[in-house]
Amino acid sequence: MKIDRRKFIQRILVAAAAIEAIFLIKGSVSKTSTSRKKTNLFNAGKADSFENNKLYPFLTGQFFLKRYEDGGFLAMSIKCTHLGCVVNTNAKTGGFNCPCHASQFNKFGEVLAAPATRPLDTFPITIENGELFIDTSKPTRRTSFNKSQLTYA
Ligand code: FES
């Protein structure tokens, strides 16, 4: 069988285009899933590196990570639920004070003093291979604290 030069070149170009298309599709799919993971999940580090009954601020992630007396973790937003100011920690109470209009929150993020009317929002925590991942794209509103909000290693 004899193929002329023009048909041979056409077939080579079609084959090259098909291969490139496969790589482009494969690349865009894997980039999407990788970038989604990176943008949504904040790696806070190894769970066993956090001591019980301590608060760890992650200001770049915009959350406080609290490990309570029983080892449970809670990731709370640093933003006041009144108008969104960044709250300060209160070393005396273990809670938080808002510098803008004086709202106060306890160590579980519940309101102690208005004008805020609801607790600090929380973020979902997952643990993979002993490391904590906080999904900062999913703030969760709540009306009070309960133990089901805690995550255990
Ligand atoms: S923004 Fe915090 S009390 Fe107003």
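Just so you know, residue 1 is the first one in the sequence shown, and it goes up from there. What you see below is based on every heavy atom in this structure, not just the backbone, and it leaves out hydrogens, waters and symmetry mates. Read the numbers this way: they start at 1 and go in the same order the structure lists the ligands and their atoms.
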Heavy atoms of other groups near K54 NZ, more than 12 under 6.0 Å: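 No, because the 6.0 Å sphere around NZ of K54 holds 12 heavy atoms or fewer from other groups.
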
R141 atom CZ: more than 12 heavy-atom contacts under 6.0 Å: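 12 or below, so no.
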
Identity and distance of the protein heavy atom lying nearest atom 1 (S) of ligand 1: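 Answer, as residue, atom name and distance: L83 N, 3.3 Å.
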
The single option from L112, V111, T89, N90 passing side chain to side chain contact (heavy atoms under 4.5 Å, CB included) against F105: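 Among the candidates, only V111 passes.
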
Part of S103 with heavy atoms under 4.0 Å of ligand 1, whether side chain, backbone, both or neither: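 Looking at S103 and ligand 1, atoms from backbone and side chain both fall under 4.0 Å.
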
Metal check, atom 2 (Fe) of ligand 1 vs C100 N/O/S, cut-off below 2.8 Å: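 Under 2.8 Å: C100 has no N, O or S contact with atom 2 (Fe) of ligand 1.
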
Distance-minimising heavy-atom pair for L120 and K79: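 Nearest heavy atoms, L120 then K79: CD2-O, 3.6 Å.
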
Nearest non-hydrogen partners of A114 and S103, listed with the distance: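 Between these two residues, the closest heavy atoms are C-OG, 3.5 Å.
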
Proximal ligand 1 atoms for C85, defined as those under 4.0 Å from one of its heavy atoms: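 This gives 1 (S) as the contact atoms.
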
Under 4.0 Å to a heavy atom of C98 - the qualifying atoms of ligand 1, by number: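 With C98 as reference, the close atoms of ligand 1 come out as 1 (S), 2 (Fe), 3 (S).
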
Atom of H101 nearest atom 4 (Fe) of ligand 1 (restricted to N/O/S, atom name only):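 Output for this pair reads ND1.
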
For atom 4 (Fe) of ligand 1: the N/O/S atom of H82 at shortest distance: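 For H82, the N, O or S atom at the smallest distance from atom 4 (Fe) of ligand 1 is ND1.
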
Proximity of F123 and F42 rings by center, below 6.0 Å: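 No, they do not, as the ring centres are separated by 6.0 Å or more.
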
